[in-house]
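Just so it is clear, the values below take in all heavy atoms, side chains as well, and ignore hydrogens, waters and symmetry mates. Per chain, numbering begins at 1; letters A, B, ... match sequence-line order.
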Amino acid sequence: MYSDLFHALPDVFAWTNFAAVVIGVIAGIVVGAMPGLSATMAISVLVPFTFGLEPLVALGLMAGIYNGAMYGGAIPAVLLRIPGTPAAVATTFDGYPMAQKGEGGFALQVAVVSSSIGGIASAFALMLLAPPLSKVTLLFGPSEVFWVAVFGLASIIFLLGGNPVKGLISACFGVFVSVIGSDPIYGNDRFTFGQLEMLDGINIVILLVGLYALPPVIDLLETPLKTDGVNSSKLGTEPIWKALPRMNYWKTWLRGSLLGIWIGILPGAGGSMAAFMSYNEARRTSKHPEKWGEGEPEGVAAAEVANNADTASALIPALTLGIPGTAVAAVMLGGLLVHGLQPGPMLFRDNPDIVFGFMWQFLFGAILLVLLGGSLATNSFARLLNLPRPLLGSVIIVLMLIGVYSIHGRMFDVYLMLGFGAIGWVMDRLKFPLPPVVLGLILGGFAEENLRLALRIGRGDPMVLFQNTTSLILVALTVAVVVGPTLKKRFIDRREKA
Amino acid sequence: MLNIFKKTAIAGAMILSAGAALAEYPEKPIEVIVGYSAGGGTDVMARTAAPFIEKYLGDGASLVVKNMPGASGQIGVTEAANADPDGYTLGTFNLPGMMARTIDREAGYDRDSFTYLANVVNDPNVIVTSKASGLDTLDKLLEEAKANPLAITVGMSSLGGDDHFALIKLEKATDTEFTIVPFKGSAPARTALLGGHVAMGILNISEVAEFQDQLNVLGVATKERSPFSPDLPTFKEQGLDLVNGSMRGFIAPAGLPEDVQAKLIEAFSQLSDDQEFLDAMAATANPVEVVTGEEFKQLTSDLYDLADGVWQTTPWN
């Protein structure tokens, strides 16, 4: 197998194949940076065009876009508190406060270096460990996947801090949105009001753009006369090699990479859950957790390393089993199919040069991210904030509308997005947290579908949910997440009394 | 007043389109609406077939694939059904799904909404069991199913699809009952089988071809052995009358001018002898079975009757 790996290398360096990766990374960063455009969309637009391309050119573009977009999403997340992709939601927690403190440039540099490290770790996992890791995926049947989703939801509600009741209400709203569309088992319409457009459920990008992008844009337009809140001369745009020594987040990077890889190989959850979990873990083990949320660079590192670490690893179940770990991996699978590459154990045997070449491209895409993203971040994007606010707001609105319209090419989605925008604005004012809504939508559907499948397998007996070790471990983790903070608080209270 | 305008406009359009049809068809690009996103099985079929249809239509004909994904193909096929029947809008068609949807929901079309051009792909069902189940022959499976009704869990992709109808045919033919576990798509169902989370699965032959070592493939639901996987025995050979599959083809709106229809069907019928086309389809795991015109219409009608019959006795939602 490892000889196949090196046999594939020369082809990767054919100039067209390499150029494809470079172009892909740049395009990915730009796409990720625009609210409303996501990697999923960019790759689905690309797939039809790849029919005429050489496989490694097509796949190189995709690998580049995927890597680039996962970092690109951090740019508006840091500068404007608008996550460019669903996976960048956790990046806003500390990235935006950093930008407000005038450290936006450094935040972007932390983001790009962390993204790159996560991407490299993930590419190695894909190259070296794909077959054994795909066995781990097989351990997760419907009841296990249900518990993963419950665990993810519990973490976001109880660990994120703030008010757990408000968090729970937000998550419930997200789960409700996940219920819209056709029933996952029987296919009946639920809350679609007879609209064919709603039969497939609410696309996550529509919700994300509405909830996250519209309220800040309204804020931007509300204060047209005020000059820039961020002093752009203090963006901290020193060259990236000078900033590097200030980044000492090895533990966070390592933990975030492992978490991202692990979540990537599980069906469904994807980058946003990886970023949240990594952020939570890094904060929990930090020496000064109180500084988190107020501009702690390590928070940006934790989120960004994890959301890139699931990119290549999400392809492990996609390539070996045909089940994509994320929405992007699902689209990429289509891109592979177009070139006659059928997922399955034979794939590695029948087309080793293409498959392993694709993996190399992932690795080089991740490395290129630092070079391309690093210079773009410091030189171009950070200067966005110099634009007059009304102009910036208007540009973002246009991008949002185009992005959302182009998902399916219909106005219906734009109206939906505006509706979510109104809800997001109200929630923002009432201090309801928005991340649980996003995860509620992503994980709610998974939880429901898998719970119902598990119960069918158990023929209605709920004990099927507790029948094996993997499930029980996940149940224990969920309980720890829900009860842990309360217990800890009591413990501290009692100690203070004594 | 407005009405008169409308009528004149429609009449005008009809004359124009008839005129266009009389001239050498095709005069402009032909749009093929695919109801799924790019890179899916149906999309790959359309894009693989397109250059060959262009070749057989001749005269520099060009086919443009347009993806209109959503509502399991409903949005795209409704659009194709309601398009102008001038031969410049075609659509892809999936069986039994497209017919089952006219039964289990209010669809914007029915079986008379189309001019049936050609079915191109027939992906027969297979019955597989997980290695962990120990049910490695059809006899063992049926024996267990008879001894313990509903005890065997069957992973498949969605209710009201070809997998589901295959299971119902099996249940009727052998007087057995199984517990259905409908996943969202076949890949998750197959993964649950590999992990031993369900005992049995109904999939399609193209979906198990790569996994034959890790699963027990008990038989193929075809009349004769599939050229796609000639080593796999049919159910017929094992004394079970079970023929079923998932089909994909091309339709146009009803009322296509006859000469256009004839020209299109002629082009599609040449696909089955084109080795280059067959190779391209084999590479993308699409077992080819070309059925054109009236025969395709009859096939659709039969599948509608099957779905309707199932719906009457055991509605799936």
Is it the case that more than 12 heavy atoms not belonging to [X] sit under 6.0 Å from its [atom1] atom?
X	atom1	result
Lys55(B)	NZ	yes
Gln312(B)	CD	yes
Glu54(A)	CD	no
Phe412(A)	CZ	yes

Within the side chain of [X], is there an N or O that forms a donor-acceptor pair under 3.5 Å with the backbone of [Y]?
X	Y	value
His197(B)	Ala454(A)	no
Arg105(B)	Asn188(A)	no
Arg190(B)	Leu321(A)	yes

### Task
Could you tell me whether the side chain of Arg456(A) reaches within less than 4.5 Å of the side chain of Thr153(B), counting heavy atoms only?
no

### Task
May I ask you to test the Tyr186(A)-Pro182(B) pair for a side-chain heavy-atom distance under 4.5 Å?
no

Quick check for you: to the nearest 0.5 Å, what is the distance between [X] atom [atom1] and [Y] atom [atom2]?
X	Y	atom1	atom2	result
Ile457(A)	Ile180(B)	CD1	CD1	13.0 Å
Ile75(B)	Arg410(A)	CD1	CZ	5.0 Å
Gln74(B)	Ser182(A)	CD	OG	10.5 Å

Contact origin within [X] toward chain B - heavy atom pairs under 4.5 Å:
X	answer
Asp183(A)	neither
Leu336(A)	neither
Thr192(A)	neither
Leu138(A)	both

Could you look at [X] and say if it's the side chain, the backbone, both or neither that has a heavy atom under 4.5 Å from chain A?
X	value
Glu207(B)	neither
Ala282(B)	neither
Thr179(B)	side chain

Non-hydrogen atoms of [X] and [Y] that approach each other most closely:
X	Y	result
Gly322(A)	Ala187(B)	O-CB, 3.2 Å
Phe211(B)	Pro343(A)	CE1-O, 3.9 Å
Arg459(A)	Pro149(B)	NH2-O, 4.0 Å

### Query
Of all of Thr137(A), Ile185(A), Asn468(A), which one pairs up most often with chain B through heavy atoms under 4.5 Å apart?
Ile185(A)

### Task
Using side chain to side chain contact (heavy atoms under 4.5 Å, CB included) as the criterion, point out the one residue from Leu453(A), Ile323(A), Asn450(A) that pairs with Pro188(B).
Ile323(A)

### Winner by heavy-atom pair count (cut-off under 4.5 Å) against chain A, out of Leu194(B), Asp213(B), Asp104(B)
Leu194(B)

